[in-house]
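Numbers here simply count residues along the sequence, with the first being 1. Nothing here was measured: the structure is a model prediction, and the numbers come from that model. Hydrogens, waters and symmetry mates play no part in the numbers below; they use all other heavy atoms, side chains included.
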Amino acid sequence: MLSKLSVRNAKRSIKDYIVYLITVIFSFSFLFALGLISYSKEVIELSSIMSNFRYVMFAVNIVIVFIICFLINYTVRFMFTKRSKEFGTYMILGIKKRNISQVFIVENLLLGFMAFLISLPIGFLFSQLFSVVIMNNFQLDHIVTIGFSAKALFLSFIYFVIIYILVLFLAYKRIRKLKIYDLLYYDKQNEKVSNKRFSKIAFVCFLLVGILSLFLFDQNFKYEDPSLGMILLCFCLIIISIYGVCFTLPDLILSTVLKNKNLKYGSDHLFVARTFRSKARTMSVTLGTLTLLIALALVSLNVSSLFKGMFLYQIEQVAPYDISINGEQEELPKFMELIRKNYTVLDSITYDGYKEPSDMFLRTIEQNGGYTWNQGYEKLMRLSDYNTLLKWRGMEPVTLNSDEYLLHSTKELKDKLSIDSLKKITLSNGITLQQKSYVTKKYTYAWGVGYGYVIVVPDDAIQGLEPVTHHLVVDTKEKTTEVFYDELVKVKQPDLCEEAEAGYTICYPLSSVTVRGKEEALYNGFMTITSFICFYIAFIFIAVVGTILAIQQLSDSTKYQYRYRVLFQLGERQEQLYKTVRKQLLIFFIFPLIYPIVISFCTIVSMNQLFKIALSNDMEYLGYYVFNLGIFLVIYMIYFLATYFGFKKNISE
């Protein structure tokens, strides 16, 4: 009998659980999809760094499991509150608490298992979509095939078991402690909040704490090495500020409405304000938690974008050409021979760097607090070689008069080298040159290995100077690979390669050999891992927030039927009632969103102080912020619309 009752209740409760079920299905789908990717041999072999993807995702999933556990536990407790009178009636009829708890646990287990089964095919589809993202990150011309993995399925099932054991154990303890009176009046209980009435001064104080934390966070990122301790302190302060604002702001909103007669007696403002205040005061802790999760979601999206922008910029800065080598002159033909055996060479250039005994630029950097690998001399580059390399990158060539030179450096050296003493230089061969321009855009270390800047002079100005470095740059038809980099390193320094115990060869990296395929594999691996982690966390947080807000409001819709019926009987038209509903829901959805938007904007502005030297331009972060906020709002709007139509349907019945 109890099993039949559990099945019947599970079927009957699906409508009430629909938003919750959708979120749980998508959460388990993400867990399964990322598990399939983690155990995909093709994905792991894309880059040496991708071998860590599985372990990173396992660590992240531990955190995600607890978040999903919190969501499911919240929903189960919420549904228990909604059905508490039903369970109290069962006890009056003589059914034991043990049997009631069994009914409730079995029906939740059935719903959860159903959600898990549905999530598997959806998760498999997600894994195929993620493979397209990976293909795009690694700029592959073929789709990475992600097949079924029994290990990923088993791991997802373990997550499911752990979550539901914890949730249903808490539900069992909750039911066993309650008496008939508690069950009959359980839905009247609210969250425990302080009885202290917070004033406007308290709200201002909590807001000032938030402003202080954002100020300290910004100051911390003005240094090249931000303090982790300061970041944690700012995080703690912002949490205090978020919860404090969520406790005090509802009362402030209501008092503002009551003091303004136009607002108080205009339209339905008083009704909406009082409804919001009464609800917010009973779930202020929940609202604070949701606000915090939204802030974390937006910050995660921003961090993901900043890292992606940094990695893309680094690839272009480190390896803009397919192959670039700095070596001894007699070694370059050996490199060229090996390159031709493996690739179709479209174009190639060999050029020299010339030794200038004066080290004026190096000393200037050190005097301004910078660090250099000071070799005691400068290296000059001929204008013709520089223009050829610019052409390969699609950049316009430059012209220099016989008495001019050009300085091209990384962005971080700009302040250290923009001084008057370098506007005019005299070379050791007696030639004096005026600085025509100072460029930082699209600098690459392929030009000035170990320096971070290159001094470009007219071809005639290197007369009498000694060639000190020899470079080979090659443009290939096929994409270069990480494996080919190891072959080039063997040519450069065979003694720096050794046989590992597992039977494969390990070659230590050399800055003088740069292969674009290797750098792409490295940075794209990092980019894939960080983007998946951040977007994964952000999605789970958005889903938790949307689900809890939707469940709360859809549950309240049945309580508010009487209030809206009274408004209708007082002459308010149905269209106006629906407008009131939209206002009420908008306030609840917007309230936990405003503060996180401010926090996420301030944090990305602060972090940009550190990241801007590794981004293509200083304002790139604004595009990331707008894009990420747009993604968040689209998902958030879906939850809002689902809640609105469900709420409207409930009050219309």
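Within a 6.0 Å sphere centred on CE of M395, heavy atoms belonging to other residues, nucleotides or ligands number more than 12. At most 12 non-hydrogen atoms from other residues, nucleotides or ligands lie less than 6.0 angstrom from CZ of F26. Atom CZ of F148 has more than 12 neighbouring heavy atoms from other residues, nucleotides or ligands inside a 6.0 Å radius.
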Does the side chain to side chain contact (heavy atoms under 4.5 Å, CB included) test come out yes or no for F124 and L120, once each step is laid out?
-> CA-CA 6 Å; F124 183 78; L120 297 179; over 6 Å; no
Could you give me the CA-CA distance, side-chain angles and deciding distance for Y321 and L389, then say whether side chain to side chain contact (heavy atoms under 4.5 Å, CB included) is met?
-> CA-CA 9 Å; Y321 310 109; L389 294 173; 3.2 Å; yes
Evaluate ring-ring contact (aromatic ring centres under 6.0 Å, His included) for F203 paired with F247, printing each intermediate quantity in order.
-> CA-CA 8 Å; F203 168 76; F247 268 91; over 10 Å; no
When you look at L406 and Y386, which way does the side chain to side chain contact (heavy atoms under 4.5 Å, CB included) test go after all the steps?
-> CA-CA 10 Å; L406 178 144; Y386 178 72; 3.7 Å; yes
Kindly indicate, with the supporting measurements, whether the criterion side chain to side chain contact (heavy atoms under 4.5 Å, CB included) is fulfilled by D218 and Q609.
-> CA-CA 9 Å; D218 182 74; Q609 296 178 96; 3.0 Å; yes
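Taking the side chain as every heavy atom from C-beta outward, T248 and V204 never approach each other to under 4.5 Å. Put simply, the side chain of I122 reaches to within 4.5 Å of the side chain of F126, judged on heavy atoms. With a 4.5 Å cut-off on side-chain heavy atoms, S305 and Y621 do not count as touching. For the pair L237 and L216, the minimum side-chain heavy-atom distance is below 4.5 Å. No side-chain heavy atom of W447 sits under 4.5 Å from any side-chain heavy atom of Y453. Put simply, the side chain of L117 does not reach to within 4.5 Å of the side chain of F28, judged on heavy atoms. For the pair I548/F70, a side-chain contact is recorded, criterion being any heavy-atom separation below 4.5 Å from C-beta on. The closest side-chain heavy-atom distance from I537 to I67 is not below 4.5 Å.
Ring geometry for F221 against F217 counts as tilted: the plane angle lies between 30° and 60°, on a 0 to 90° scale. Using cut-offs of 30° and 60° for the angle between ring planes, the Y443 and Y445 rings count as perpendicular. Taking the six-membered ring for Trp and thresholds of 30 and 60 degrees, F30 and Y536 have nearly parallel ring planes, at less than 30 degrees apart.
Side chains of Y595 and S241: a donor on one and an acceptor on the other come within 3.5 Å. Between the side chains of S409 and Y438, at least one donor N or O sits under 3.5 Å from an acceptor N or O. Side-chain N/O atoms of Y243 and T289 include a donor and acceptor closer than 3.5 Å.
With sequence neighbours excluded, the residues that form a salt bridge (charged side-chain N to carboxylate O under 4.0 Å, His left out) with E316 are R516.
Residues S304 and S531 come closest through the heavy atom pair OG-CA, 3.3 Å.
Listed for the N73 side chain is no donor-acceptor partner under 3.5 Å among the backbone atoms of C69. Counting only distance, with no hydrogens or angles, the side chain of S29 and the backbone of S119 share a donor-acceptor pair below 3.5 Å. Checking side-chain atoms of T643 against main-chain N and O of Y639 turns up a donor-acceptor pair under 3.5 Å.
Taking the six-membered ring for Trp and the full ring otherwise, F589 and Y636 have centroids separated by under 6.0 Å.
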Check residues 597-604 and write down every donor-acceptor pair under 3.5 Å in which the side-chain atom is one partner and the other belongs to a residue at least two apart or another chain.
{"unit_1": "S600", "atom_1": "OG", "unit_2": "P596", "atom_2": "O", "d": "3.0"}
{"unit_1": "S600", "atom_1": "OG", "unit_2": "I597", "atom_2": "O", "d": "3.0"}
{"unit_1": "T603", "atom_1": "OG1", "unit_2": "I599", "atom_2": "O", "d": "3.0"}
{"unit_1": "T603", "atom_1": "OG1", "unit_2": "S600", "atom_2": "O", "d": "2.9"}

